Amino acid sequence: TNGPLVDESLQTSLPGVFAAGNVLHVHDLVDYVSEEAAAAGAHAARYILQGAAAAEEALPVRAAGGVRYTVPTAVHPARLDGALTLRLRVDNVYRNKALAVYAGQTCIWRRKRPVLAPGEMETIVLKGPALDKLPGCGGLTVIFRSAGLYPEGVTYAILLMNAASWLLERFTPTRLFGAPQRKGGLR
């Protein structure tokens with residue numbers, strides 16, 4: 001996005017200045033603009049009534065691996081009201097991928113998507129246990145992965161084991177449980 005960088009309350013780097021809607025990024029539905037504007041208005045009203053929140057370090061929200069940008073770009077975990085909404089767009093058309101959010105090295109959210117396209121804004125809402133992992137994680141990363149039933153490393157391990165199964169059968173003969181062992185080793 002070429003708009004201002006905002007935190008979870010849609011506040012810019014200028015204290016007391018909030019941004020929403022197409023000022024931040026182009027929305028594909030007016031419903032998202034209205035939702036974002038209502039949230040920015042509520043946070044601005046809270047800022048006026050209660051003043052600036054206590055200073056604390058923000059966690060960066062990084063877009064990686066085909067995710068073009070995220071809104072917000074920073075999160076203050078102590079200021080969250082039970083949910084964190086992330087909006088993003090991808091840089092190309094992708095099929096059969098899964099969007100994932102990592103807190104440090106830990107995947108805290110993952111959803112399969114049959115199609116991801118630059119013209120469609122994606123929305124991720126993190127709640128409950130996912131938010132508990134934010135303090136001290138060092139930052140959030142939004143990325144997409146190949147969609148599958150298992151994490152990527154497990155999928156590759158299964159493929160390798162299937163490819164090498166003939167070797168296992170050749171060099172490790174099958175023995176019946178309780179049967180006497182043959183002398184002379186393999187073969």
Side-chain angles (χ1 to χ4, degrees), residues 1-13 18-37 39-40 57-77 79-80 82-163:
T1 176
N2 292 325
L5 303 179
V6 296
D7 64 11
E8 73 289 340
S9 65
L10 301 174
Q11 183 174 210
T12 66
S13 58
F18 296 79
N22 288 344
V23 168
L24 285 178
H25 54 136
V26 177
H27 290 69
D28 49 353
L29 295 173
V30 73
D31 297 348
Y32 293 137
V33 175
S34 301
E35 184 181 300
E36 222 170 65
E57 192 170 333
L59 297 174
V61 180
R62 297 177 203 90
V67 175
R68 192 168 53 191
Y69 69 83
T70 66
V71 171
T73 56
V75 174
H76 300 91
R79 298 182 194 172
L80 295 174
L84 171 62
T85 300
L86 299 170
R87 291 202 165 89
L88 61 110
R89 287 190 193 271
V90 296
D91 65 358
N92 207 335
V93 176
Y94 299 97
R95 298 189 186 285
N96 298 319
K97 299 288 182 181
L99 279 173
V101 178
Y102 287 82
Q105 300 296 318
T106 305
C107 182
I108 60 171
W109 185 93
R110 180 182 164 115
R111 294 290 181 275
K112 292 180 189 175
R113 300 282 297 156
V115 177
L116 292 162
E120 296 176 21
M121 185 165 42
E122 298 292 332
T123 301
I124 298 170
V125 179
L126 301 176
K127 296 180 182 178
L131 296 179
D132 296 339
K133 296 184 174 146
L134 296 186
C137 74
L140 293 176
T141 303
V142 181
I143 193 167
F144 63 83
R145 299 281 186 211
S146 296
L149 298 175
Y150 305 105
E152 231 173 289
V154 174
T155 303
Y156 289 124
I158 291 170
L159 288 172
L160 286 172
M161 290 304 293
N162 285 339

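Just so we're clear, the structure is a prediction, and the values are computed from it rather than from any experiment.
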Relative to each other, are the rings of Tyr69 and His25 parallel, tilted or perpendicular (30° and 60° limits)? perpendicular
Gap separating the OG1 atom of Thr70 from the CZ atom of Arg87, nearest 0.5 angstrom: 12.0 Å
With rounding to the nearest 0.5 angstrom, report the OG1 to CG distance, Thr141 to Leu59. 10.5 Å
Just by distance, no angles: are the side chains of His76 and Gln11 close enough, under 3.5 Å, to form a donor-acceptor pair? no
Separation between CG of Leu86 and CD of Glu8, rounded to the nearest 0.5 Å: 10.5 Å
Measure the spacing between CD of Glu122 and CG of Leu88 and express it to the nearest 0.5 Å. 6.0 Å
Please test Ile108 against Leu131 for side chain to side chain contact (heavy atoms under 4.5 Å, CB included), starting from the C-alpha separation and ending with a verdict. CA-CA 8 Å; Ile108 60 171; Leu131 296 179; over 6 Å; no
Is there a side-chain contact between Val93 and Pro118 (heavy atoms, below 4.5 Å)? yes
Check for a donor-acceptor pair, side chain of Thr73 on one end and backbone N or O of Val6 on the other, with a separation under 3.5 Å. yes
Keeping Arg89 on the side-chain end and Val26 on the backbone end, is there a donor-acceptor pair under 3.5 Å? yes
If you round to the nearest 0.5 Å, how far is CG of Leu80 from OG1 of Thr85? 10.0 Å
Output, in order, the C-alpha distance, side-chain angles, deciding distance and verdict of side chain to side chain contact (heavy atoms under 4.5 Å, CB included) for Asp7 and Arg79. CA-CA 10 Å; Asp7 64 11; Arg79 298 182 194 172; 3.8 Å; yes
